[in-house]
Amino acid sequence: MHTLSKKPVLLVIAHGSRDPRHAATVHALVRRVRSLRPDVRVETGFLDFNIPSAQGVLESLAAEGVRDVVALPLLLTRAFHAKADIPAVLRDAPPQLRIRQAEVLGPSPVLLAALERRLYEAGLTPADKSSTGVVLASAGSTDPEAIAVIAEIAREWRHTGWCAVRPAFASAGSPAGFPRTEDAVRELRALGCAKIAVAPYVLAPGFLPDRIARGAAEADVLADVLGPAPEVARVLLARYEAARMPALAAVGA
């Protein structure tokens, strides 16, 4: 029997993957979130491939007598899954549940800090910054809003002192003209940046992150995925609080 306070249950909804590293990373992140907020009950559900399903978790919560849920899309951009798939799951939830859908994690300056820390963990130093070109490599999307957000993040990040920052997309479904990781690496090399680093703007390992890694073959540095980074956990909890109590939403996340 759960004895946590009357705060809404936080249901983290992840995409799911056939790659077992995906679910393992999601669970590691959720463990970190729980350690930061032991007063909040945190559950995990998946849209596809993994169990428990988000729908199954919602049905179990309703059967327990839970009434308030904040459903948080474990996504970095407001693309198809956040706009269509997850709302469809929530519409089909048991009617006694009061569900609020939190915003996706990105964009956030806190996530930019996590990307930068991952680059330093991979071997760069702050002294390398002005001579290093960075490829901001995302999974990719056909959603214009998501694409615009990635491009804006790259522009913002460039202004923090890097030689250059270029967005890149791993998915073959991204619009023509948007560079793949390997193309962005070569573009930065041609610009004259002394070092090239690839920063995967993805949450967990899987098929598309592996494609990003292959595209980084000619780069000097390949950072790890964001994974269970403490910054990701902080943003996740800020999104939960903003959905739970909008007037008291955390500032700066």
Side-chain angles (χ1 to χ4, degrees), residues 2 4 7-58 60-61 69-77 81-82 85-86 89 102-123 136-139 170 198-213 216 221-244 250 253:
H2 286 270
L4 295 178
K7 294 184 179 70
V9 171
L10 168 54
L11 173 58
V12 176
I13 302 180
H15 183 273
S17 171
R18 293 186 179 89
D19 189 320
R21 296 173 298 168
H22 173 89
T25 302
V26 170
H27 291 310
L29 173 60
V30 168
R31 284 194 297 273
R32 187 182 284 275
V33 170
R34 288 186 180 126
S35 73
L36 292 172
R37 287 295 301 273
D39 59 317
V40 175
R41 178 177 174 184
V42 188
E43 299 291 345
T44 310
F46 296 89
L47 290 176
D48 208 352
F49 302 117
N50 301 105
I51 55 173
S53 70
Q55 183 69 30
V57 174
L58 289 167
S60 295
L61 290 172
V69 176
V70 169
L72 189 144
L74 195 61
L75 301 166
L76 293 170
T77 58
H81 297 301
D85 286 352
I86 290 175
V89 168
E103 290 295 330
V104 296
L105 299 181
S108 166
V110 180
L111 294 179
L112 268 185
L115 286 168
E116 199 148 307
R117 189 167 59 76
R118 287 288 190 237
L119 286 171
Y120 294 146
E121 289 171 352
L136 180 70
S138 75
V198 174
Y201 189 58
V202 292
L203 286 167
F207 175 74
L208 291 176
D210 283 349
R211 182 180 285 174
I212 289 171
V221 172
L222 171 63
D224 199 359
V225 298
L226 290 168
E231 296 92 342
V232 177
R234 282 172 48 208
V235 173
L236 195 157
L237 284 167
R239 299 290 184 253
Y240 166 77
E241 289 296 336
R244 179 175 82 91

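Between H15 and F49, the ring-plane angle classifies as tilted under the 30° and 60° cut-offs.
Applying the side chain to side chain contact (heavy atoms under 4.5 Å, CB included) criterion to D48, with sequence neighbours excluded, gives no partner residue. Here R244 pairs with E241 under the side chain to side chain donor-acceptor pair (under 3.5 Å) rule; sequence neighbours left out.
Between the CD1 atom of I13 and the CD1 atom of I86 there is a distance of 5.0 Å, given to the nearest 0.5 Å. Rounded to the nearest 0.5 angstrom, L72 CG and R239 CZ are separated by 8.5 Å. Residue H27 holds its NE2 atom at 7.0 Å from CG of N50, rounded to the nearest 0.5 Å.
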Name the atoms and distances for all side-chain donor-acceptor pairs under 3.5 Å in residues 199-209, with sequence neighbours left out.
none

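Salt bridge D210/R21: present, at least one basic N to carboxylate O contact under 4.0 Å.
Proximity of a side-chain donor or acceptor of R32 to a complementary backbone N or O of P228 within less than 3.5 Å is detected. Here the side chain of R118 pairs a donor or acceptor atom with the backbone of L226 at under 3.5 angstrom.
Closest heavy-atom contact between V89 and Q55: O-OE1, 3.3 Å.
For R18, the CZ atom is loosely surrounded, since the number of other residues' heavy atoms within 6.0 Å does not exceed 12.
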